[in-house]
Amino acid sequence: MLTGTVIAQALPLAASPLLTRLYSPEAFGLQTLFMGLAGSLAVLATCRMDLALVLPQEDADAGSLAGFIFCTMLATSALACLLVPLAGLLTEQPLPAGWMLLLPLMVCAIALYQLSLGFASRRREFRTVAQANVGNQAMYVASAIAFGFASAWMQALTIAKVGGQVLAAGLLGRTSAASLAAAVRGFSWKGSIAAARKYHQFLVFNTPYSLVGSVARDAPVFTFSALAAVGTAGFFGLARMVLLAPTLLTSNAFSQVFFREAVALKGTPQLEALTLALLRLGLVALAPLFAFCAVWADAVFATLFGESWRVAGVFAMVLAPAAWMSVQTGWPERLFEVNMRQGVSFGVQLGSDAVTACLFVAAYLLTNDAVMAVAVFAICNVVFHHVYLAAIFRVSGFSGRGLASAIAAGWGVFAVSCAALALLRTQTGAHGMVGWALALMLSVLVTAMIGWLLVRRGLLRGAAAGEAT
């Protein structure tokens, strides 16, 4: 799972220097806007009931739950079709005609993928999940490059994204075909409604939580696009893609696996030890890499993607601390579902997202400064992730002292790394490639050393605990 996700995340990152020279920031902005709309509608398409598919003991109960998801998916796809004529009202800047026509297809592809992912997780077919993820990104990259060399029109990146998602849904859906077919054959309104009622907390809490989170996460994209700054949305989208690669890697690789193990270890000391060890590893080991982004990202983006993308690098510098903290909440949030306390998660997320979106929009409208608005967005996200981690530990009955110690250690390493890298930048020059390449090598080396020490210490402790037992 980890290997496949690494490859899937590496493909678009490796192709980005070429794609940014084939496509304009406006093309990236259009793609980012499209994916934001599709992601929000995909939440409604599944109502996040796909997360509950691993819980039923009987396959028949999982099939009834899948029947409910099929209904919501068809209803949301119809809603997406109704939104297509309204696409011209989304922005003040004229956009290419017909770019929204693929939205219903994209929503169905995402929903089918998530539904198939639930069945694959039930059977622990994580290898297939990894292959589908790789296929998704490989299709996107290959199509985008081919379109770019043929004729890099503005909608090509969006079309390539749809193609990749359809391929991933097909690959994963093929392995879950028997389960999906059984769900269709055995569909009944009574059974589907009964399954939805049994796992109603996912509908009541996870649906609005995920929907509000999706809208708030893309608030900068929607705001920039609505105010005729689609190119700025493209800068933000590229910065977010580069920074969130570790977050997506962690969430996609560990979330489903951690969820399954957390269910098995619920109520045992091993679950707290596992969670705290992984959290400390993520906070401390990854701090030097994100510190590098906070100090050098503008020079890196200008070198790799072209001077015209330096603004995206500035966005990445501002967003680096928030991205680092988001890595730490991407996978342990499943503990809310394990403990059936989605209400707490929903309350924290809803309040934070509402405040973040409002403050971002207000900052941009008042200052007309995109960097200042993104800085406000980043600060709100850093605060949120701290509160969210505290809520996770509280509902799980874990030690608050252990959490505080891990966070303090992480911020300490982050601050020291930023200071050392800033000193290196003053000595080697602000824009030199040699300088940031040296800084990156040092950051990677420190990250590897810290990670090795933490993992080795954790393994020794585990062995000692096993011998004592």
Side-chain angles (χ1 to χ4, degrees), residues 209 246-247 250-251 254-255 257-291 320-349 351-352 355 378-419 446-447 449-469:
Y209 156 76
T247 305
T250 304
S251 298
F254 292 141
S255 184
V257 180
F258 179 76
F259 188 25
R260 187 80 181 190
E261 298 307 316
V263 171
L265 296 175
K266 181 181 178 181
T268 67
Q270 289 88 340
L271 179 57
E272 179 177 357
L274 173 65
T275 304
L276 193 58
L278 290 175
L279 180 62
R280 184 178 293 274
L281 178 65
L283 280 166
V284 177
L286 293 179
L289 289 180
F290 284 94
W324 170 59
M325 286 303 304
S326 69
V327 176
Q328 322 311 326
T329 58
W331 53 271
E333 67 177 358
R334 307 307 295 271
L335 289 171
F336 285 122
E337 295 148 20
V338 172
N339 293 283
M340 300 299 286
R341 297 292 301 276
Q342 292 98 320
V344 177
S345 172
F346 174 69
V348 175
Q349 183 79 59
S352 173
V355 171
I379 292 171
C380 290
N381 273 274
V382 169
V383 174
F384 158 71
H385 289 301
H386 283 78
V387 175
Y388 202 63
L389 282 174
I392 290 173
F393 271 61
R394 183 174 181 82
V395 302
S396 302
F398 296 164
S399 168
R401 181 177 299 179
L403 173 62
S405 175
I407 290 177
W411 275 111
V413 175
F414 187 87
V416 171
S417 299
C418 282
V446 173
T447 290
M449 291 177 60
I450 293 175
W452 180 80
L453 289 173
L454 289 176
V455 170
R456 184 170 181 270
R457 186 174 66 175
L459 291 175
L460 290 176
R461 285 182 176 179
E467 291 176 0
T469 301

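It should be emphasised that the depicted structure is a prediction, and the values quoted were computed from it without experimental measurement.
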Can I get a per-line list of side-chain donor-acceptor pairs under 3.5 Å for residues 397-405, giving both atom names and the distance, sequence neighbours left out?
{"from": "Ser399", "atom 1": "OG", "to": "Arg401", "atom 2": "N", "distance (Å)": "3.3"}
{"from": "Ser399", "atom 1": "OG", "to": "Gly402", "atom 2": "N", "distance (Å)": "3.2"}
{"from": "Ser405", "atom 1": "OG", "to": "Arg280", "atom 2": "NH2", "distance (Å)": "3.2"}

Task: Trace of the side-chain contact (heavy atoms from CB on, under 4.5 Å) decision for Met325 with His386 - done: CA-CA 8 Å; Met325 286 303 304; His386 283 78; 3.7 Å; yes
TODO: Determine the minimum heavy-atom distance between Phe414 and Ala291, stating which atoms define it.
DONE: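 Where Phe414 meets Ala291 most closely, the heavy atoms are CE1-N, 3.6 Å.
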Among residues at least two apart in sequence or on other chains, which ones pass side chain to side chain contact (heavy atoms under 4.5 Å, CB included) with [X]?
X	result
Val413	Val284, Ala287, Pro288, Ser417, Ile450
Ala391	Phe336, Val344, Val348
Ala320	Cys293, Ala294
Ala378	Val318, Leu319, Ala322

TODO: Quick one: list whatever passes side-chain hydrogen bond (donor to acceptor under 3.5 Å, both in side chains) with Gln270, sequence neighbours left out.
DONE: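 Partners of Gln270 under the side-chain hydrogen bond (donor to acceptor under 3.5 Å, both in side chains) test: Thr268.
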- [ ] Answer yes or no: is there a side-chain heavy-atom contact under 4.5 Å between Leu279 and Leu389?
- [x]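 Contact flag for Leu279/Leu389 side chains = yes.
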Task: Any side-chain heavy-atom pair of His385 and Ser326 under 4.5 Å - done: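 A side-chain contact exists here, since the closest heavy-atom pair is under 4.5 Å.
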- [ ] List for me each residue that meets ring pair (Phe, Tyr, Trp, His ring centres under 6.0 Å) alongside Phe384, sequence neighbours excluded, and say none if there are none.
- [x]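 If we apply the ring pair (Phe, Tyr, Trp, His ring centres under 6.0 Å) test to Phe384, skipping adjacent residues, the hits are Tyr388.
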Task: Under 3.5 Å donor-acceptor, Thr447 side chain and Leu286 backbone - done: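 It does not hold such a pair.
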Open item on the list: Below 30° counts as parallel, above 60° as perpendicular, anything between as tilted: where do the rings of Trp324 and Trp411 land?
Closed with: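 Because their plane-to-plane angle is over 60°, the rings of Trp324 and Trp411 count as perpendicular.
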Task: Inter-residue atom distance Leu281.CG - Leu276.CG, 0.5 Å rounding - done: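 The distance works out to 11.5 Å.
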